[in-house]
K.L.:
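Below is one structure. I have some questions about it.
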Number of protein chains: 2
Amino acid sequence: MTGKREQTKKDNRNAILEAAREVFVKLGYGATTVRDIIRATELASGTFYNYFKSKDEVFQAIQDENALRVRPRLRAERVRARNVEEFISGSFHTFFEYIATDRRTFAVIRRNADTMRVRMDTPEIIAGFDELRIDLLTAIEQGIFPPVDADYLMASLVGVAFEIGEHMLTREPIDTKAAANFATALFMGGFKALPHYVAATEAAA
Amino acid sequence: MTGKREQTKKDNRNAILEAAREVFVKLGYGATTVRDIIRATELASGTFYNYFKSKDEVFQAIQDENALRVRPRLRAERVRARNVEEFISGSFHTFFEYIATDRRTFAVIRRNADTMRVRMDTPEIIAGFDELRIDLLTAIEQGIFPPVDADYLMASLVGVAFEIGEHMLTREPIDTKAAANFATALFMGGFKALPHYVAATEAAA
DNA sequence: CTTAAAATTGACGCCTTGTCTTCAAAGACT
DNA sequence: AGTCTTTGAAGACAAGGCGTCAATTTTAAG
């Protein structure tokens with residue numbers, strides 16, 4: 001017995017999310033209203049607010065779901081890595097393949113005519129960044145990576161991934177391998193030149 | 001004689017922009033309304049629309065002004081460069097110093113609680129990116145740079161600049177030189193490893 | 001001084017927002 | 001099965017934003 005109450009709750013939430021995805025792509029994030037979203041469902045306007053506080057929160061929920069889909073893959077890739085190259089190369093390949101495959105989802109993420117860029121501050125996405133930073137620190141401790149500034153390195157990886165990812169999608173045909181190779185080569189060469197670094201807290205210890 | 005009409009026109013426009021900067025920082029981009037902006041001036045609501053179509057357009061105008069402030073400096077740095085290192089290093093130093101200095105302006109640019117990230121698609125900013133791409137292509141032609149994928153390289157530079165820039169601002173004290181050195185080293189090392197590349201159009205010729 | 005053009009004003013109609021009361025359906029208890 | 005309680009969907013409502021426009025003031029020109 002599932003409990004009818006629980007079931008409709010899930011159904012309604014999904015209906016709203018699905019409608020939101022649809023409408024965000026069609027109208028763009030900025031132009032869509034909460035009413036646009038519920039109008040695309042069978043529900044009443046007041047019901048929306050039982051599930052989300054605003055259209056922003058729906059957007060976050062969608063982003064979180066996206067992040068949850070890629071994060072485990074990225075994580076697995078990094079844990080499996082036995083050296084720097086596998087770490088970097090695996091991450092880029094996975095990420096680029098994801099955004100190339102999941103185009104429909106990425107359409108929501110991507111630049112909209114009247115909104116900014118990627119929403120990067122949802123809990124899940126932040127958690128993903130943190131995970132990356134910790135994995136980098138671990139790799140440095142284990143001597144897989146040279147002791148560079150993990151925070152800046154993370155920032156660089158993220159920046160390159162998103163920017164190249166976006167350019168990659170504008171090319172025809174979409175070549176995720178070429179994009180990943182470019183990014184990987186950049187970092188593989190760059191590592192050797194990076195200034196070595198000891199975090200302030202560790203230096204004090 | 002300046003012409004009184006022209007003068008008040010400029011004054012009004014500036015008043016709106018100044019009020020907008022103030023309000024965007026205070027309330028965040030998403031939460032501010034056109035009314036909030038004009039309320040922070042002496043003007044009437046209708047007047048706003050003689051100058052801008054929406055709050056979005058005001059935001060763009062602010063971004064454009066910002067871009068116009070940095071672009072010439074970046075350009076000069078690149079034109080002066082006699083080799084790869086000067087090109088890269090000069091650009092990063094200039095950019096990081098700019099965002100560190102002009103904090104108030106950057107506060108508008110930076111992540112807001114309820115909006116996304118940087119608006120990257122205003123005409124001036126796009127022009128700035130284009131300028132960078134062209135400078136890169138020129139440098140490649142002149143043999144200063146190896147023949148790499150200029151588009152991806154530009155994307156990487158931009159991604160790294162913005163992401164590291166943001167992290168840099170969270171550290172105390174703010175060390176623009178260290179940030180620039182990190183980014184420069186990454187690319188200096190990375191270059192040598194990048195796959196050589198001939199753009200499709202040129203390859204066809 | 002008169003007339004024409006330009007630009008500002010603020011009220012207006014339309015729309016969205018988030019809230020709140022009402023009420024039907026689901027589940028609990030006997 | 002019958003009654004009571006709780007949940008949550010519904011949809012009306014007040015508050016307030018949006019963009020427009022006729023009226024009015026301000027500047028420039030003749």
Side-chain angles (χ1 to χ4, degrees), chain A residues 1-63 108 112-116 119 122, chain B residues 1-62 108 112-116 119:
Chain A
M1 252 327 220
T2 58
K4 192 156 188 181
R5 223 141 219 175
E6 269 176 81
Q7 190 54 43
T8 42
K9 229 170 177 174
K10 268 183 201 162
D11 287 348
N12 285 349
R13 191 169 194 278
N14 281 336
I16 291 174
L17 283 175
E18 192 47 43
R21 264 186 275 266
E22 195 186 303
V23 178
F24 281 149
V25 172
K26 200 160 67 185
L27 304 183
Y29 175 80
T32 75
T33 69
V34 171
R35 299 299 150 130
D36 288 327
I37 297 171
I38 45 154
R39 246 177 253 129
T41 71
E42 311 250 294
L43 304 168
S45 63
T47 308
F48 177 92
Y49 295 95
N50 285 341
Y51 292 88
F52 301 98
K53 273 212 284 286
S54 62
K55 76 167 171 172
D56 210 75
E57 211 173 281
V58 185
F59 193 75
Q60 274 199 46
I62 292 174
Q63 295 292 65
V108 183
N112 254 321
D114 53 357
T115 148
M116 333 262 133
R119 156 132 231 166
T122 77
Chain B
M1 247 337 211
T2 59
K4 192 154 185 180
R5 218 140 224 174
E6 271 175 80
Q7 189 54 43
T8 41
K9 229 170 176 174
K10 270 182 202 163
D11 288 348
N12 284 350
R13 192 170 193 276
N14 282 336
I16 292 174
L17 284 175
E18 192 47 43
R21 264 186 275 266
E22 195 186 304
V23 178
F24 280 149
V25 172
K26 200 160 67 184
L27 304 183
Y29 175 80
T32 77
T33 68
V34 170
R35 262 28 182 209
D36 290 327
I37 297 171
I38 43 154
R39 247 179 253 129
T41 72
E42 310 253 292
L43 305 168
S45 65
T47 308
F48 177 91
Y49 296 94
N50 284 341
Y51 293 89
F52 302 97
K53 276 211 281 289
S54 62
K55 75 166 173 175
D56 210 74
E57 214 174 278
V58 185
F59 192 75
Q60 275 199 46
I62 292 173
V108 182
N112 254 318
D114 53 358
T115 148
M116 334 265 133
R119 155 133 233 165

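So you know, we letter chains A, B, ... as the sequences are listed, proteins then strands, and number each from 1. For the numbers below, each heavy atom of this structure counts, side chains included, while hydrogens, waters and symmetry mates do not.
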K.L.:
Starting at atom CD of B:Gln7, determine the distance to atom P of D:dT26, rounded to an integer number of angstrom.
P.N.:
18 Å
K.L.:
By nearest nucleotide on DNA chain C, pick out whichever of A:Thr32 and B:Glu42 is the more 5' one.
P.N.:
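It is B:Glu42 whose nearest nucleotide is closer to the 5' end.
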K.L.:
Do other residues, nucleotides or ligands put more than 12 heavy atoms under 6.0 Å from B:Glu42 CD?
P.N.:
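Count not over threshold, so no.
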K.L.:
Want to settle it: does B:Lys4 or B:Asp36 sit nearer the 5' end of DNA chain D, counting the closest nucleotide to each?
P.N.:
B:Asp36
K.L.:
What does B:Thr33 touch in the nucleic acid at a heavy-atom separation under 4.0 angstrom: a base, only the sugar-phosphate, or nothing?
P.N.:
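The answer is sugar-phosphate, as B:Thr33 gets under 4.0 Å only of primed atoms, P, OP1 or OP2.
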K.L.:
Nearest nucleotide by nearest heavy atom, which residue falls closer to the 5' end of DNA chain D, A:Leu43 or B:Phe48?
P.N.:
A:Leu43
K.L.:
Take the protein atom CD1 of B:Ile16 and the nucleotide atom P of C:dT8, then report the distance between them rounded to whole Å.
P.N.:
9 Å
K.L.:
Output the rounded distance in Å from CD1 (A:Ile37) to P (C:dG18).
P.N.:
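It works out to 11 Å between those atoms.
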K.L.:
To the nearest angstrom, how far is B:Arg39 atom CZ from D:dC18 atom C1'?
P.N.:
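Rounded to whole Å, this separation is 12 Å.
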K.L.:
Got a donor-acceptor pair under 3.5 Å from the side chain of A:Arg35 to the base of C:dT16?
P.N.:
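Checked by distance alone, the answer is no.
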K.L.:
Please check the phosphate of D:dA9 (OP1 and OP2 only) for any side-chain N or O of A:Arg13 closer than 4.0 Å.
P.N.:
no
K.L.:
Could you give the CD1-to-P distance, from B:Ile38 to D:dG16, as a whole number of Å?
P.N.:
15 Å
K.L.:
Could you state the NZ-P distance from A:Lys10 to D:dT7, rounded to the nearest angstrom?
P.N.:
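In whole Å, D:dT7 P lies 18 Å from A:Lys10 NZ.
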K.L.:
For D:dG11 and A:Ser45 - does any side-chain N or O of the residue sit under 4.0 Å from the phosphate oxygens OP1/OP2?
P.N.:
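For D:dG11, OP1/OP2 do not have a side-chain N/O of A:Ser45 under 4.0 Å.
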K.L.:
Verify the contact: side-chain N or O of A:Asn12 to OP1 or OP2 of D:dG8, cut-off strictly under 4.0 Å; return yes or no.
P.N.:
no
K.L.:
Taking atom CD1 of A:Ile37 and atom CZ of A:Phe48, what is their separation to the nearest 0.5 Å?
P.N.:
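So the gap between those two atoms works out to 5.0 Å.
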K.L.:
Measure from the side chain of A:Val34, starting at C-beta and using heavy atoms only, and say which of D:dA10, C:dG18, C:dT8 lies closest.
P.N.:
C:dG18
K.L.:
Out of curiosity, B:Thr41 OG1 to B:Glu22 CD, how far, rounded to the nearest 0.5 Å?
P.N.:
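Going from the OG1 atom of B:Thr41 to the CD atom of B:Glu22 covers 10.5 Å.
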K.L.:
Counting only side-chain nitrogens and oxygens, does B:Lys9 get under 4.0 Å of the OP1 or OP2 atom of C:dA7?
P.N.:
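Answer is yes, contact under 4.0 Å.
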K.L.:
Taking only N and O in the side chain of A:Tyr51, is any of them less than 4.0 Å away from OP1 or OP2 of D:dA9?
P.N.:
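Yes, within the criterion.
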K.L.:
Can a donor-acceptor pair be found, under 3.5 Å and without considering hydrogens, that links the side chain of B:Thr8 to the backbone of B:Asp11?
P.N.:
no
K.L.:
On DNA chain C, compare the nucleotides closest to B:Ala44 and B:Arg5; which residue's is nearer the 5' end?
P.N.:
B:Arg5
K.L.:
Rounding to an integer number of Å, can you tell me how far A:Tyr49 OH sits from C:dC20 P?
P.N.:
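My rounded result for the distance is 13 Å.
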K.L.:
Check this for me, if you would: do A:Glu18 and A:Arg21 make a salt bridge, where the nitrogen-to-carboxylate-oxygen distance has to be below 4.0 angstrom?
P.N.:
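So A:Glu18 pairs with A:Arg21 through a salt bridge.
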K.L.:
Starting at atom CG of A:Asn50, determine the distance to atom P of D:dA9, rounded to an integer number of angstrom.
P.N.:
5 Å
